[in-house]
Amino acid sequence: MSHKPQYAEVVVEIANRKVDRPFHYEIPAQLQEAVKPGVRVLVPFGNRELDGYVVGLVPRADVTGTKPILAVREGEPVISAELLQLARWMALYYMCPLVTVLQAFFPRTSGAGKKLIQEWCSLEPDVTIGTILSIRKRAPKQAAILEQLQQAGPFLVPHLLNITGADRRSLMSLVNKGVVRIDELEAAPAAEPVSALQEPPELTGEQERVLAAIKPKLAPPQYEVFLLHGVTGSGKTEVYFRCLSEVITSGYQAIVLFPEISLTTHLIERFYRRFGSQVEVLHSGLPLKQRIMTLERIAAGNVSIVVGTRSAVFAPVPRLGLIIIDEEHENSYQQEVTPKYHAREVAIVRAFLNKAPLVLGSATPSLESYHKAREGKFSLLKMGNRVEHKQMPKVLVTDLRRELKEGNETLFSNLLKEKLQERLQEKEQSILFLNRRGYANLVNCRDCGQVIKCKYCDVSLTYYATKKVLKCNYCGYTRPVPMECPECGGNRVRPLGAGTEKVEKELLSLFPQARVVRIDSDTVRKKGDYERLLGIFENKLADVMIGTQMVAKGLDFPGVTLVGVILADQMLNFPDFRARERSFQLLTQVAGRAGRGTGLGEVVVQTYIPEDPTVLAAADHDYERFFAEEIKLRRLMGYPPYSHLIRILVTGKQEELCETGSRVIADRINRYRGNAGAVLLGPTPAPLTKIKNNYRWQLILKGEDIKKMRQLVSVSLREAAQGGSLPRGIRLNLDIDPLGML
Ligand code: ADP
Ligand code: ZN
């Protein structure tokens, strides 16, 4: 034991780029045992005491006069070597301080925590079927509890109540009868051999084929990324379940990610029914205490399957055997605050470091992922049919230009009116969908339907009504609103768009008897509004629901047989190079709302450009065709997946300073840009020009070599700061591979 490390490398919790490096601290004798990489410690820093993380141990310090670590935070989860490695990669790739990544891994507790005790409920060993049957007759809620325990073994009390819908009184009366017991424990009690969990269904041919392709990489786990492209309703979840069984029976743990919006009780229930108490759910809505408790159980290896949202990708499972990401194309996998990571990219790295397989599932894969599959970097698996041969909904596209020519100036085409009429007569439900994002004001030509675009960036120009100009959010190109359409010469170039309120008004004037609920930011104001309005529709107390993207996803109403998209053009021309991709995804999803039940669903899409290839591909449920078109455009314009983007956002209270700062940075970047082979767009005000009294300017760097681009940015920022020409009072924010650029 001669070379015992004497010093710890510590990153401290302080929001300042300048101290984004480890500092050396002495390890006092009494802390020799406790100090190891991944623990959280208290250290002196300047004239303060700060929390920090030990990220390494070294025999020598790089400076003299080091200070000692003051304390090790007791009862905090230790970050494993594996996760430390992941954190280092993230800090490097996303150009953010290592400490912010470590903070994202575990929620912060101020001060030391005690071990937390949880209540576990289990069946008393000698309960007979007779008892259960007699309880079932008299007390259905209690019976539900018993059934759950019988099927899935011991349960955390809150979970149990959640699943069964029973209240604590029912539970306590079972305890009093001596049928179940509650123990206060730190970890799950030894599970009884799990008897009758839900029986898996027999797989369809497609499911069999897909599973056979994944299986060889599951036990023992090997690194490989699978992209499972399966239409909605093709039974992807069942494939996930089979993979999970395989992995956990061989003693490994798995992580399953869902987008925030689809992690519903219904879905969680499906997991519990299949895997019982081997499942834990992690999402940001959990109270802090409970989240830490759950993380500790996971770190101890007591949880086989972690189901969660974005941040569950950091779940500290000790033997990672599989990661699954459902709806991998969803935006909510991107974190909007530092560390601005994308859970899919992190998952790829984590899977690689652990030699574990990763399964990405989607009905509409991201262009990035599908491109990688085409290049052979991911293994592509397909399921093209719905389980039990259910039909895909029928999508009809109507031409608003023609309606206008025929004198119909309302928001409702004749076709949509007709279909609504039918539904109201048959007492079936409809959803009217409107894509609306406040700032994106566009103009289009009412004769040819085209929206005016930037000649450099291939994104729509945004209309600024006060100055009556059109402007590109990427490069800053500005022009007046043309009197004549540059495409067809038509003279009716007009602002585009409609609000939900107007839709409601027109709908009621067409169908005064219709019962309507409107769900948008006006009607959803306080907590509970959203659920209440959905409840009205769900219970069939309304015939038509009008909504924004809030209603597009994750909702499942069997009574809906018609979906109307009021104006597809707004989303198609959203000023972002991903607008077509988002539209395809959204149209597919919206269409998936229709005909969930037994009947065949119909979708009416209204647009000024009915010949638009994206709309037509979505109408035909043809992802391949959409991809082929879109990838050509991406290549042509040099957008991802053919390039990387870095956005530099400059914010501050004074707009002139943001502008000056942006220009100073642009200067530096332009000086060195050649070596990195990158293009600089801007500086220009960001589309959201001001948030909470802070002005916002942005620069977008576009190039193929992300390593060189990162270097270029850090050198430029450093020199701009050192040169003294960067004004005070501005803040810089970096986005690597941003998904949106508002
Ligand atoms: P996806 O996630 O691909 O949209 P789901 O996994 O939700 O599809 O499956 C759709 C429906 O089909 C679910 O109700 C599911 O229980 C059912 N299902 C899946 N696989 C089978 C199967 N092999 N046999 C019968 N029903 C199945
Ligand atoms: Zn432009």
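Along the sequence shown, residues carry numbers from 1. Just follow the structure's listing: the first ligand is 1, and inside any ligand the first atom is 1.
- Neither the backbone nor the side chain of R386 comes within 4.0 Å of ligand 1, counting heavy atoms alone.
- Of the possible donor and acceptor atoms, none in the side chain of R209 sits under 3.5 Å from a partner among the backbone N and O of L381.
- When atom types are taken as modelled, the side chain of Q429 and the backbone of F537 share a donor-acceptor pair closer than 3.5 angstrom.
- Of all the heavy atoms of P201, the ones lying under 4.0 Å from any atom of ligand 1 belong exclusively to the side chain.
- Under a 4.0 Å criterion applied to the non-hydrogen atoms of T237, ligand 1 contributes the atoms 2 (O), 5 (P), 6 (O), 7 (O).
- Under a 3.5 Å cut-off, the side chain of H229 and the backbone N or O of A363 do form a donor-acceptor pair.
- Residue T232 approaches ligand 1 through these ligand atoms, each under 4.0 Å from one of its heavy atoms: 4 (O).
- Ranked by closest heavy atom to atom 18 (N) of ligand 1, the top entry among V387, D326, L267 is V387.
- The closest donor-acceptor contact from the side chain of E206 to the backbone of G384 lies under 3.5 Å.
- Proximity of E327 to ligand 1, defined as any heavy-atom pair under 4.0 Å, is not found for any part of the residue.
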List the atom pairs, donor and acceptor, that lie under 3.5 Å between side-chain atoms in residues 626-633 and the rest of the protein, sequence neighbours left out.
from	atom 1	to	atom 2	distance (Å)
E630	OE1	R580	NE	2.6
E630	OE2	R634	NE	2.9
E630	OE2	R634	NH2	3.4

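- Taking a 4.0 Å cut-off on heavy atoms, G233 registers as neighbouring ligand 1.
- Under the side chain to side chain donor-acceptor pair (under 3.5 Å) criterion, Y240 pairs with D326, sequence neighbours left out.
- Looking at V231 against ligand 1, only its backbone comes within 4.0 Å, counting heavy atoms.
- Using modelled atom types, one side-chain atom of Q606 and one backbone atom of S413 make a donor-acceptor pair closer than 3.5 Å.
- If you check each of K236, E208, M383 against atom 3 (O) of ligand 1, the one with the closest non-hydrogen atom is K236.
- Residue-ligand proximity, T204 to ligand 1, at heavy-atom distances under 4.0 Å covers atoms 23 (N).
- When the heavy-atom distances from atom 15 (C) of ligand 1 to R242, Q207, E238, R270 are ranked, the shortest goes to R270.
- Between the side chain of R386 and the backbone N or O of G233 there is no donor-acceptor pair closer than 3.5 Å.
- Proximity to E202 (heavy-atom distance under 4.0 Å) selects the following atoms of ligand 1: 22 (C), 23 (N), 24 (N).
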